[in-house]
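Notes follow the structure.
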Amino acid sequence: QVQLVESGGGLVQNGGSLRLACAISTRTFSRYAVGWFQRAPGKEREFVAAITWSSSRTAYANSGKGRFTISRDNTKNTVYLQMNSLKPEDTAIYYCAAREYELSSYESDYRIWGQGTQVTVSS
């Protein structure tokens, strides 16, 4: 079985930074691509960023491009989302999700999901 657990969320002031982590627990050695998605209050879940297993490819939504950086450390089985210059509109629950093997920005392509971590940005 594969499980994903997000951490690193919290309350931060406008302009602040957070680093989210997605810990991957698996009994296999599958080379998962991982994506980050957000669900803001009253809105649908939206793509944020994604990364391949080897970190050879990344993708970002326009909303986070230039402010967010996705990375991973496969020796720690962890994917990170560094979020800088946070804005109140970034307030959302952030989820990580995994799939084999290709990079994707589409929610429907991911079948393994974490429970989410809350990010709140105050004005």
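FYI, the numbering just counts along the sequence from 1. Keep in mind it's a predicted model, so treat the numbers as computed, not measured.
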Pairs touching residues 82-123 that satisfy disulfide bond (SG atoms under 2.5 Å apart), sequence neighbours left out
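Only C22-C96 qualify under disulfide bond (SG atoms under 2.5 Å apart).
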Main-chain N/O of [Y] paired with [X] side-chain donor or acceptor, under 3.5 Å:
X	Y	result
E6	Q115	yes
R99	D109	yes
T117	G9	yes
R57	W53	no
Y60	I70	yes
T91	E89	no

Any chain of hydrophobic side-chain contacts (each under 4.5 Å) joining [X] to [Y]?
X	Y	answer
I112	W36	yes
V34	V2	yes
M83	Y80	no
L18	V79	yes

Residues two or more places apart in sequence or in another chain: which of them pass ring pair (Phe, Tyr, Trp, His ring centres under 6.0 Å) with F37?
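By the ring pair (Phe, Tyr, Trp, His ring centres under 6.0 Å) rule, F37 matches F47, Y110, W113.
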Taken to the nearest 0.5 Å, the spacing of Y32 OH from T52 OG1 works out to 15.5 Å
Inter-residue atom distance L86.CG - N14.CG, 0.5 Å rounding:
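It comes to 8.5 Å.
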In short, I51 meets R72 closest at the heavy-atom pair O-NH1, 3.6 Å
Check A50 against S104 and note the closest heavy-atom contact, atom names and distance.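 Smallest heavy-atom distance, with atoms named: CB-O, 3.6 Å.
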request  = Please report the C-alpha distance between S30 and E100 in whole Å, then the side-chain angles of each, then the deciding distance to 0.1 Å, and finally whether the side-chain hydrogen bond (donor to acceptor under 3.5 Å, both in side chains) criterion is met.
outcome  = CA-CA 7 Å; S30 298; E100 297 184 11; 2.8 Å; yes
Note: with side-chain heavy atoms under 4.5 Å as the link, the other cluster members for L103 come out as none
List the steps, then state whether side-chain contact (heavy atoms from CB on, under 4.5 Å) holds for T69 with L81. CA-CA 6 Å; T69 302; L81 182 68; over 6 Å; no
For this session: Kindly determine whether S17 and N84 satisfy side-chain hydrogen bond (donor to acceptor under 3.5 Å, both in side chains), including the steps that lead there.
Result: CA-CA 4 Å; S17 299; N84 298 326; 2.9 Å; yes
With a 6.0 Å cut-off (strictly less than), is the heavy-atom count around CD of Q118, excluding the residue itself, greater than 12? yes
Checklist line | Residues R67, D90; criterion side-chain contact (heavy atoms from CB on, under 4.5 Å); working and verdict | finding: CA-CA 11 Å; R67 299 186 297 123; D90 296 319; 2.8 Å; yes
